[in-house]
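See below for the structure under consideration.
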Amino acid sequence: MNEKNNSRPMERNIAMELVRVTESAAMSAARYLGRGDKILVDASAVNAMRNVLGFVRMDGIVVIGEGEKDEAPMLFIGEKIGDGTEPKVDIAVDPIDGTTLTARGLPGAISVVALSARGTMHCPRNFVYMNKIAVGAEARDSIDINAPVAENLKNIAAAKKKKVSEITVVVLDRPRHETLLRDIRNAGARVKLITDGDISAAIEAALPETDVDVLMGVGGTPEGVLSAAAILCTGGAIQCKAWPRDEKERADAVTRGEDIEKVYKTNDLINSDDVFFAATGVSSGALLRGVRYFSGGAQTQSIAMRGRSGTMRWVDARHNFEKLEKLDIEKYVKERKWAHS
């Protein structure tokens, strides 16, 4: 359970420090692009991300991570991260959103980290999947996850001063979306199908001047919370609702007394504007360019966001591996001296 948030507002823009975290994970995982090994991709990103997060000046607790402690060696839920100094924060990570994309050499994989003030990040963990609808600032007051698809699309189009036929809906390409896709097409809207990576797709839907207007459909619950962090920074909105995978999961939820009809809005998932988000491209996609290696280094592209200011930065970086390795050694020595002092 999250602690009550009694901390002062965070004045430091930690988003830029988080970019270093996602850059490290992306560069590590991208070495295995197209090699067909999802486990290797994920393990490499997790190791790199955990290493860099350990140097960030914060007192962090992982709220969304790689699983519970007995299932994951690091970045597990409840793990303490950072150097232990202020600010106190909740952390959500997805070292690779799109491990399958990376393993298969397909576009659109990203590395993601979000954090918010302690006690403000909430993940409905009792459900693996949630139905989602996400939009940018223009249409934030025009969505209702309980409304028919056609009604949502009509309202989104009106808010964006477009025709429904000019609205593009991004949807995960899954058999469970057969009815959703039929409803979208019958309403006259355009469809962009993706094989994986609904965090990236949700961000696209929330950003102005992209080719996506709205995300619809069922995806992972943790990904919904990470998406909410980014969407809050853009001024957009997301709504989510539990999606039991079968009747047993539904019955178990009812037995536990859970409200499976509850609609989780942006502020139900991230209850603060003291939130920071960073993502780096692993394989090139619509949102971010992927890692490109050159002799002795690599180039990356990232996005950094801050909730309180609404600032979004695109960060193009060039990394020198020889100098980075030297810095890592110096940090290791410093840490060892501190641990034994």
Side-chain angles (χ1 to χ4, degrees), residues 1-2 38 42 62-72 76-78 90 92-94 97-100 112 114 121-135 143-153 169-187 191 193-203 205 214-232 237-271:
M1 181 178 294
N2 291 336
K38 290 172 55 178
D42 190 56
V62 176
V63 174
I64 296 172
E66 293 293 288
E68 302 295 346
K69 185 174 182 178
D70 59 347
E71 297 177 357
F76 53 82
I77 296 169
D90 291 338
V93 303
D94 194 342
D97 179 41
T99 51
T100 298
V112 181
M121 189 177 288
H122 310 289
C123 182
R125 292 198 192 95
N126 290 322
F127 295 99
V128 177
Y129 292 105
M130 300 190 86
N131 191 22
K132 309 170 190 175
I133 182 170
V135 293
I143 58 173
D144 179 357
I145 200 166
N146 288 321
V149 169
E151 182 178 328
N152 271 308
L153 292 174
V169 187
V170 62
V171 181
L172 278 169
D173 189 3
R174 299 288 188 273
R176 61 179 178 257
H177 290 145
E178 181 179 347
T179 300
L180 172 63
L181 288 170
R182 184 179 66 243
D183 290 345
I184 294 170
R185 289 162 176 159
N186 286 344
V191 174
L193 286 173
I194 57 172
T195 58
D196 290 281
D198 65 343
I199 297 177
S200 179
I203 297 170
V214 53
L215 166 86
M216 287 183 171
V218 175
T221 297
E223 289 84 354
V225 181
L226 277 157
S227 298
I231 289 168
L232 192 151
I238 186 170
Q239 293 182 13
C240 305
K241 192 174 178 180
W243 190 81
R245 290 171 289 180
D246 50 40
E247 286 305 315
K248 183 181 184 305
E249 189 171 304
R250 178 184 294 273
D252 289 345
V254 172
T255 299
R256 291 192 301 265
E258 295 180 25
D259 182 5
I260 59 175
E261 296 301 319
K262 176 180 171 62
V263 175
Y264 295 86
K265 297 184 178 181
T266 314
N267 289 334
D268 294 316
L269 302 173
I270 308 287
N271 188 27

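These values consider heavy atoms only, across backbone and side chains, with no hydrogens, waters or symmetry-generated copies.
- The two residues D144 and Q239 come nearest to each other via the heavy atoms CA-OE1, 3.5 Å.
- Among residue pairs with one or both ends in residues 255-268, those qualifying as salt bridge (Lys or Arg N to Asp or Glu O under 4.0 Å) are K241-E261, R256-E258; sequence neighbours excluded.
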Show your reasoning for whether side-chain contact (heavy atoms from CB on, under 4.5 Å) applies to V225 and H122.
CA-CA 7 Å; V225 181; H122 310 289; over 6 Å; no
Walk me through whether C240 and L269 qualify under side-chain contact (heavy atoms from CB on, under 4.5 Å).
CA-CA 9 Å; C240 305; L269 302 173; 4.0 Å; yes
So V112 and V93, side-chain contact (heavy atoms from CB on, under 4.5 Å) or not? Walk me through it.
CA-CA 6 Å; V112 181; V93 303; over 6 Å; no
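- Side-chain contact between V263 and N146: present, with at least one pair of heavy atoms (C-beta onward) separated by less than 4.5 Å.
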Determine, step by step, whether M130 and V218 satisfy the side-chain contact (heavy atoms from CB on, under 4.5 Å) criterion, reporting the C-alpha distance in whole Å, the side-chain angles of both residues, the deciding distance to 0.1 Å, and the verdict.
CA-CA 5 Å; M130 300 190 86; V218 175; over 6 Å; no
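- In this structure a side-chain-to-backbone donor-acceptor pair under 3.5 Å is present from T221 to F127.
- Taking all atoms of both residues into account, the shortest heavy-atom contact from L180 to G217 is CD2-CA, 3.6 Å.
- The shortest heavy-atom contact between A134 and I231 is CB-CD1, 3.7 Å.
- The minimum heavy-atom distance between D97 and E223, with the atom names listed, is OD1-CG, 4.3 Å.
- The distance from the CD1 atom of I203 to the CG atom of L226 is 8.5 Å, given to the nearest 0.5 Å.
- Within the 4.5 Å cutoff, the side chain of M216 has heavy atoms near those of the L153 side chain.
- Between K38 and D42 the shortest side-chain heavy-atom distance does not fall below 4.5 Å.
- Here the CD1-OG distance, from I199 to S227, works out to 5.0 Å after rounding to the nearest 0.5 Å.
- At distances below 3.5 Å, at least one donor-acceptor pair connects side-chain atoms of T266 with backbone N or O atoms of I238.
- Side-chain contact between I145 and N131 is present, with heavy atoms from C-beta onward closer than 4.5 Å.
- A salt bridge does not link R250 to D246: none of the charged side-chain nitrogens sits closer than 4.0 Å to a carboxylate oxygen.
- Closest approach of N152 to I143, counting heavy atoms only: OD1-CA, 3.4 Å.
- Taking both residues in full, the closest heavy atoms of G197 and L172 are given as N-CD2, 4.3 Å, listed atom of the first, atom of the second, then distance.
- Residue pairs meeting the side-chain hydrogen bond (donor to acceptor under 3.5 Å, both in side chains) criterion with at least one partner in residues 174-185, sequence neighbours excluded, are R174-D196.
- A donor-acceptor pair is defined here as one N or O able to donate and one able to accept, closer than 3.5 Å; no such pair exists between the side chain of D173 and the backbone of L193.
- The salt bridge (charged side-chain N to carboxylate O under 4.0 Å, His left out) check on D94 picks up nothing, with sequence neighbours excluded.
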